[in-house]
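Notes to accompany the following structure.
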Protein chains: 2
Amino acid sequence: MDTPDTPHVNKERIDTMEHLSAAIGVSRPTLSRYFQDPDNVSRTSRERIRKGLERVEYVPNFFATRMNRKSTGMIGVIIPYLNDLFFSRLLEAIERAAMDVGYTVITQCSHSDPAIEARAAETLMSMNVEGALVAPLGNHSDLDVHERLRSRLPFVMVDSRPDTMPEVDFVGTNHYHSTGLATEYLARVGGPPVFLAMPRVNFNAMERERAYIAKMEQLGLEPRIVGVEGVSGAGYFEAHGQAVLEREFSSGRLVASSILCVNDRVAIGALRAAATHGLEAGAMQRGGLRIAGHDDYPLCPYTVPSLTTVAQNVDAIGRTAVARLVESIRAEKSSGKQILKLFDGEMKIRESA
Amino acid sequence: MDTPDTPHVNKERIDTMEHLSAAIGVSRPTLSRYFQDPDNVSRTSRERIRKGLERVEYVPNFFATRMNRKSTGMIGVIIPYLNDLFFSRLLEAIERAAMDVGYTVITQCSHSDPAIEARAAETLMSMNVEGALVAPLGNHSDLDVHERLRSRLPFVMVDSRPDTMPEVDFVGTNHYHSTGLATEYLARVGGPPVFLAMPRVNFNAMERERAYIAKMEQLGLEPRIVGVEGVSGAGYFEAHGQAVLEREFSSGRLVASSILCVNDRVAIGALRAAATHGLEAGAMQRGGLRIAGHDDYPLCPYTVPSLTTVAQNVDAIGRTAVARLVESIRAEKSSGKQILKLFDGEMKIRESA
DNA sequence: CCCAAGAATTTACGCATGTAAATATTATGC
DNA sequence: GCATAATATTTACATGCGTAAATTCTTGGG
């Protein structure tokens, strides 16, 4: 076995193509073409280079290559936060889709901060990404930043979008459908559902609230919303759901209601509040409390009781967003035609409702 | 209000410093210095440039700047997967710490795939990052890749490390302490704990298993381990915990035991299995079932019952890892002295045990 | 064996910036 | 108003690689 001081790999280290060229006797431009696509050089050179690369260590400089290529082959992605399994799933879907069509993705995370979001946009532009995919922060986003990106390169919004940019390309979930589905389901199996909302800073949250109201009116029921007040933030979804229902349950309200939560993380807090008050949501339970969420957060099957929810088609959203972006990158001249792709949700009926 | 076709920002777009220099009457090298640090140019030029930048749109080319600077000011981070709130917390801690000391972090995610991990390492080297922080995949990692990185630039491992690299700089949790703490606690309040393990591919999982055994022997108790067989993978922690306990409970085993789970995600699956069998873990419950986890996953306070666990000091780990890396970047000549920072865990006693 | 067509390689230049050294400008003190 | 120092700007070259155009090499046919 090797000792710590003799690593497995101690080939000669070479740091420019020029030197590599000298070391293995193939001209630099030929090497350049080899690294872009090995099939671009003759079989003999290809073998010669491969052999050479086994003797010396060399990787082309990322920046130099990117700077000089006509196209960088990169797309930029901005997401609001990482500490949410919904966004990590979305990001993964996007990365896979991009990889499949030969693009590298550069991810920037806003960390719930508009200033960081703005800086992320600057960074993407300075890297000459060929297109940008952004999931906005919500009301806190600086709209100028988005407009700036949009006016500069192919641009697609994912997951949620501001009311003020109705004309932007968008890929997401049809919340009128998905939330409607859940509302309808709850109204059918339990009493008229109450909506556990969030402070109105998140576009999707607002849209789901509106969708809930619309569906309730359509059903001839009285909409009822709790939880729009309070602080908000990525880290506090569960705490918000718990706090709101703690308050309600403590006063004896909502203990036998159907409750539709704006998303699963809020619902997880809601389940917790119920448990604390000796309540258990579920179709099988006496008492009539029902709790449902939205998104199909990966943990939903494991909560106690398991959480009834409506799934977003995350994979399709990621794939479609990338496809649309690549299409408009290739079109060069912006086609002008706005694309709007809204995927339906799918009910996941589990124990909690 | 603006129409869609007249975005707020439609300043003249300038794409090189040369042109910017012509446009606002300041020499290019002066601009270069301005963009590196505005304080590097005279007050008058600074004002002149600021005014100019309000009229035209320009951002320095990321690649050109990075290519030419002596130091890139970037550190690379490789993490095994994103769909785990532990790693997103760690990543956030690292990003904040890096930002504080003026470094930009480039994150690469292995997606549980050694080939992608290897490519990530290549990418980092090709970007001339000044140091690398890696959380390895586990047994599947290609050790040569790590050795290669380590021999090339300042290198620190975080979270877990292979047995085969005992001499590498490492920052993580002292699992002999943390797991010992939990083992001891369970032994004290309940019966001798059983360890719900994982397939032996994850370094931390293995270390916790060993720590459990050591502590049990120290306490004069018989260690007992379940769940080492089965498939593994980032996406299946909860499913694994659930499946193992489903099997046990179905045969009437472990229904009144103290169970220490290798991590919180496995514990969440365990809680679920218990609920399915009409069992509820907890100090307050009759029956004697107790379940504890490890990590203090953000959802622990919200599970039903809330999950007793031992917290890793994620912030400290992130900060310390970055600090160590930056230190050895600045030292230039590798000091040779290995650094090992292990943080103690902290018991979080909740309902489940 | 020679010539032409085709393929591969080399030459030469370009990319957008950093940076050291040389020069010009401004400020300071008297 | 002048010499000098301090500061700012310009000149000139460097970075590592992409790429079009020019050149060399290979191959096959006659």
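Computed from a prediction, not measured in an experiment: that's the story for all the values here. Each chain gets a letter, A, B and so on, in the order the sequences are listed, and its residues count up from 1.
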Mutual orientation of the aromatic rings belonging to B/Y81 and B/F87 [parallel < 30°, tilted 30-60°, perpendicular > 60°]: perpendicular
field: Closest to the A/T65 side chain, choosing from D/dG18, D/dT9, D/dG16
entry: D/dG18
field: Spacing of A/D37 atom CG relative to D/dC17 atom C1', expressed in whole Å
entry: 17 Å
- prompt: Within less than 4.0 Å of OP1 or OP2 of D/dC17, is there a side-chain N or O belonging to A/Y58?
  reply: yes
- request: Measure from CG on B/N128 to P on D/dT15 and round the result to the nearest Å.
  value: 13 Å
Closest listed nucleotide, where the reference is the side chain of B/T16 and the choices are D/dT19, D/dC17, C/dA16: C/dA16
message: Does A/M67 reach a base, just sugar-phosphate, or nothing at all? Heavy atoms under 4.0 Å.
response: base
query: With no hydrogens and no angle check, is any side-chain donor or acceptor of A/R33 less than 3.5 Å from a backbone partner on A/V41?
result: no
- line: Here the distance between atom P of D/dT9 and atom CD1 of B/I24, to the nearest Å, is 11 Å
- prompt: For DNA chain C, what residues of residues 28-36 of chain B have any heavy atom nearer than 4.0 Å?
  reply: B/R28, B/P29, B/S32, B/Q36
query: Atom CD of A/E18 to atom P of C/dA12: distance rounded to whole Å?
result: 13 Å
query: So, B/S126 side chain and A/N61 main chain: donor-acceptor pair closer than 3.5 Å or not?
result: no
query: Between B/S151 (side chain) and B/R148 (backbone), is there a donor-acceptor pair under 3.5 Å?
result: yes
- prompt: Sub-3.5 Å donor-acceptor pair from the side chain of B/E130 to the main-chain atoms of B/T72, do we have one?
  reply: yes
task: Measure from NZ or CZ of B/R66 to the centre of the six-membered ring of A/F63 and say whether it is under 6.0 Å with the direction within 45° of the ring axis.
output: no
- prompt: Shortest non-hydrogen contact from A/I329 to A/G131?
  reply: CD1-N, 4.0 Å
- prompt: Between B/S45 and D/dT9, does any side-chain N or O lie under 4.0 Å from OP1 or OP2?
  reply: yes
message: Among residues at least two apart in sequence or on other chains, which ones pass side chain to side chain donor-acceptor pair (under 3.5 Å) with B/S42?
response: B/T44, B/S45
- prompt: How long is the line joining CZ of A/R66 and P of C/dT17, in whole Å?
  reply: 18 Å
message: I'd like to know if the side chain of A/R46 reaches the main chain of A/P38, judged simply by a donor and an acceptor atom lying under 3.5 Å from each other, with no hydrogens or angles considered.
response: yes
message: Nearest whole Å is fine: how far is D/dT15 P from B/N68 CG?
response: 9 Å
- prompt: Does a distance-only test, which skips hydrogens and angles, find a donor-acceptor pair under 3.5 Å between the side chain of A/D15 and the base of D/dG16?
  reply: no
field: Atom-to-atom span, CD1 of A/I14 to C1' of D/dC17 - whole angstrom
entry: 16 Å
query: DNA chain D: stems of at least 3 consecutive Watson-Crick or G-U pairs, cut-off 3.5 Å?
result: C:1-30 with D:1-30
query: Can you check the A/N61 CG to D/dG18 C1' distance for me, whole Å?
result: 13 Å
